[in-house]
*Asks:* 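Here's a structure for you.
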Amino acid sequence: MNTQHNTILVLGGTGKTGRRVVERLRARGLPVRVGSRAGTPPFDWEDRSTWAPALDGVGSVYLSYFPDVAVPGAVEAVGAFAALAVRSGAPRIALLSGRGEPEAERAEQAVRDTAADLTVLRSSWFMQNFSEDYMLEHVLSGEIRLPAGDVPTPFLDIDDLADVAVAALTDDRHVGRLYELTGPQSLTFADAAAAIAAAAGRPVRYVPVTLEQHAAELQEHGVPAEVVELLTYLFDEVVDARNAATTDGVREALGREPHDFAAYAAAAAATGAWNVVLSAGR
Ligand SMILES: NC(=O)c1ccc[n+]([C@@H]2O[C@H](COP(=O)([O-])OP(=O)(O)OC[C@H]3O[C@@H](n4cnc5c(N)ncnc54)[C@H](OP(=O)(O)O)[C@@H]3O)[C@@H](O)[C@H]2O)c1
């Protein structure tokens, strides 16, 4: 057993946010372990026997749950993992949470109850969902068909989130803080589609659909029932006027402004993510 406890464990370390956290920590020369099923040792939320080996020699954790803190069982798993982390010498936890999700706040409380040295990253809808996750296919099809109405959303650039996570994992001033993280402006999905079209140089428009239409279209594309349920919950609960306001969480944590959507769209376009041509249908 390694008793030094200087390694930083990044759960979901090959995913959208975790990959960015890993890159930043490695660039600083800090010892990092990728927590994923493909990691060494492997870490699997579904197999608790993998948790203790992944925590060996670890002093702090970037805790992102997969697939979402809102799914059944997430609160219990996140709380149990955090308790084990604290017991095994890793009290410092930066928890990725979701803004406007009651389940996410329950997960935050479960970690707080372990007496971890906790920083909560309560994050708004990610900009990168349009280029690195399920909304990419919508963009490539030219139609973002989602049940988001015309509610403005303060999309967050996850490069900002990763910067805050690294600060939380490396600087004691962030212990005990709860950061509500958003971008600098609230955009409707129609605004976002227009910004993506301009940056990508391809036609992209937003087509509002009902929650029921959206669920039916996902089912037609063979999306598993639990994912349909999760997306329906998120669009119903999170894309809501209650969550439309921007916050100054990024500035509070980092002393600088968050990136805006146009900057994100230019950076995503430069990666070629939106250059793909779909062959048939979606
Ligand atoms: N998307 C949003 O707009 C948004 C907003 C706020 C909060 N969030 C929160 O963000 C979190 C997801 O973070 P993310 O987007 O960075 O991750 P992500 O890209 O969705 O996750 C992929 C990562 O999870 C790992 N993974 C998959 N299945 C796993 C399992 N059974 N056990 C352990 N690891 C597993 C993958 O590696 P392997 O395949 O190698 O295991 C990979 O590293 C969720 O908790 C969600 O609630 C999302």
Side-chain angles (χ1 to χ4, degrees), residues 8-25 32-36 39 43-45 51 54-55 58 60-71 73-83 85-86 90-114 116-129 132-134 153-171 174-183 230 233-234 237-238 243 247 249-250 252-254 258:
I8 304 174
L9 174 64
V10 179
L11 298 187
T14 54
K16 291 189 297 301
T17 65
R19 177 171 60 77
R20 288 170 162 86
V21 175
V22 167
E23 281 166 9
R24 283 160 172 75
L25 293 170
V32 180
R33 180 175 302 150
V34 170
S36 93
F43 170 83
D44 188 345
W45 281 109
W51 295 8
L55 282 164
V58 166
S60 45
V61 181
Y62 173 68
L63 203 174
S64 68
Y65 184 77
F66 184 88
D68 195 286
V69 279
V71 304
V75 173
E76 199 275 325
V78 166
F81 177 82
V86 171
R92 175 75 65 90
I93 295 179
L95 173 68
L96 172 55
S97 179
R99 187 157 175 254
E101 294 177 48
E103 289 304 293
E105 291 185 26
R106 289 184 53 219
E108 292 169 14
Q109 191 55 46
V111 178
R112 208 171 280 120
D113 288 345
T114 68
D117 294 337
L118 174 64
T119 308
V120 175
L121 316 174
R122 191 184 281 171
S123 303
S124 184
W125 206 270
F126 301 160
M127 294 179 186
Q128 279 80 0
N129 291 337
E132 299 177 28
D133 210 321
Y134 64 97
T153 296
F155 296 102
L156 172 69
D157 187 330
I158 57 177
D159 281 323
D160 290 328
L161 165 60
D163 284 346
V164 178
V166 168
L169 291 164
T170 56
D171 185 338
H174 302 287
V175 170
R177 301 295 305 268
L178 185 162
Y179 294 117
E180 294 247 3
L181 302 175
T182 74
L230 172 62
Y233 167 83
L234 291 175
E237 191 74 36
V238 181
N243 300 322
T247 63
V250 171
E252 260 177 62
L254 301 176

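These values consider heavy atoms only, across backbone and side chains, with no hydrogens, waters or symmetry-generated copies.
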*Asks:* Evaluate the side-chain proximity of Ser123 to Arg99: yes if any heavy-atom separation is below 4.5 Å, no if none is.
*Replies:* no
*Asks:* Are Phe43 and Phe81 an aromatic pair, judged by ring center distance below 6.0 Å?
*Replies:* yes
*Asks:* When rounded to the nearest 0.5 angstrom, what distance separates CG in Leu118 from OG in Ser97?
*Replies:*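 The distance works out to 9.5 Å.
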*Asks:* Would you say that Lys16 contacts Ser64 through its side chain, given a criterion of any heavy-atom pair below 4.5 Å between the two side chains?
*Replies:* no
*Asks:* Mind checking whether Ile93 and Asp117 have side chains closer than 4.5 Å, heavy atoms only?
*Replies:*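 Ile93 does not reach Asp117 side chain to side chain.
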*Asks:* Taking only residues two or more places apart in sequence or in another chain, which ones pass ring-ring contact (aromatic ring centres under 6.0 Å, His included) with Tyr179?
*Replies:*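 Only His174 meet the ring-ring contact (aromatic ring centres under 6.0 Å, His included) criterion with Tyr179.
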*Asks:* So, for Pro67 and Val71, which heavy atoms are closest and what is the spacing to 0.1 Å?
*Replies:* CG-CG1, 3.9 Å
*Asks:* Starting at CD of Glu108, measure out to CZ of Arg106 and round the result to the nearest 0.5 Å.
*Replies:*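 Answer for the CD-CZ pair, Glu108 versus Arg106, is 12.0 Å.
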*Asks:* To the nearest 0.5 Å, tell me how far Thr247 OG1 sits from Leu181 CG.
*Replies:*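 Output value for this atom pair is 6.5 Å.
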*Asks:* With sequence neighbours excluded, what pairs up with Asp159 under the side-chain contact (heavy atoms from CB on, under 4.5 Å) test?
*Replies:*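 For Asp159 the side-chain contact (heavy atoms from CB on, under 4.5 Å) partners, ignoring immediate neighbours, are Arg20, Arg24, Gln128, Asp157, His259.
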*Asks:* List the atom of Val75, the atom of Ala110, and the distance in Å for their closest heavy-atom pair.
*Replies:*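 So the two residues come closest at O-CB, 4.0 Å.
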*Asks:* So which of Leu178, Leu63, Thr119 actually passes side-chain contact (heavy atoms from CB on, under 4.5 Å) with Leu95?
*Replies:* Leu63
*Asks:* Is Glu132 salt-bridged to Arg19, cutoff N-O under 4.0 Å?
*Replies:* yes
*Asks:* Is there a donor-acceptor contact under 3.5 Å from the side chain of Asp160 to the main chain of Pro258?
*Replies:*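 Here the side-chain-to-backbone pair does not exist.
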*Asks:* Identify which one of Leu55, Val58, Val10, Val61 satisfies the side-chain contact (heavy atoms from CB on, under 4.5 Å) criterion when paired with Arg33.
*Replies:* Val58
*Asks:* Once rounded to the nearest 0.5 Å, what's the spacing between atom CG of Leu161 and atom OG1 of Thr182?
*Replies:* 12.0 Å
*Asks:* Looking at every non-hydrogen atom in both residues, tell me the closest pair between Ala165 and Val21 and how far apart they are.
*Replies:*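 Closest approach of Ala165 to Val21, heavy atoms only: CB-CG2, 3.9 Å.
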*Asks:* Using 0.5 Å steps for rounding, measure from the CG atom of Leu11 to the CG atom of Leu96.
*Replies:*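 So the gap between those two atoms works out to 10.5 Å.
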*Asks:* Check whether any side-chain heavy atom of Glu252 sits under 4.5 Å from a side-chain heavy atom of Glu180, and report yes or no.
*Replies:* no
*Asks:* Checking side-chain contact (heavy atoms from CB on, under 4.5 Å) between Tyr62 and each of Val166, Ile8, Leu121, which is the one that passes?
*Replies:*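 Going through Val166, Ile8, Leu121 one by one, the side-chain contact (heavy atoms from CB on, under 4.5 Å) with Tyr62 is satisfied by Leu121 alone.
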*Asks:* With no hydrogens and no angle check, do the side chains of Arg112 and Gln109 hold a donor and an acceptor under 3.5 Å apart?
*Replies:*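 Yes, a side-chain donor-acceptor pair sits under 3.5 Å.
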*Asks:* Is the Tyr65-Trp45 ring centre distance short of 6.0 angstrom?
*Replies:* yes
*Asks:* Tell me if a side-chain donor or acceptor on Trp125 pairs with a main-chain N or O of Gly98 at a distance below 3.5 Å.
*Replies:* no
*Asks:* Salt-bridge test for Glu101 and Arg122: reply yes if a basic N is under 4.0 Å from a carboxylate O, no otherwise.
*Replies:* no
*Asks:* With rounding to the nearest 0.5 Å, note down the distance linking CZ in Phe126 to OG1 in Thr153.
*Replies:*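 Result: 13.5 Å between the selected atoms.
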*Asks:* Going by heavy atoms in the side chains, are Arg92 and Val175 under 4.5 Å from each other?
*Replies:*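 Arg92 vs Val175: side chains touch.
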*Asks:* How close do Val69 and Ala107 get, counting heavy atoms only, and between which atoms?
*Replies:* CG1-CB, 4.4 Å
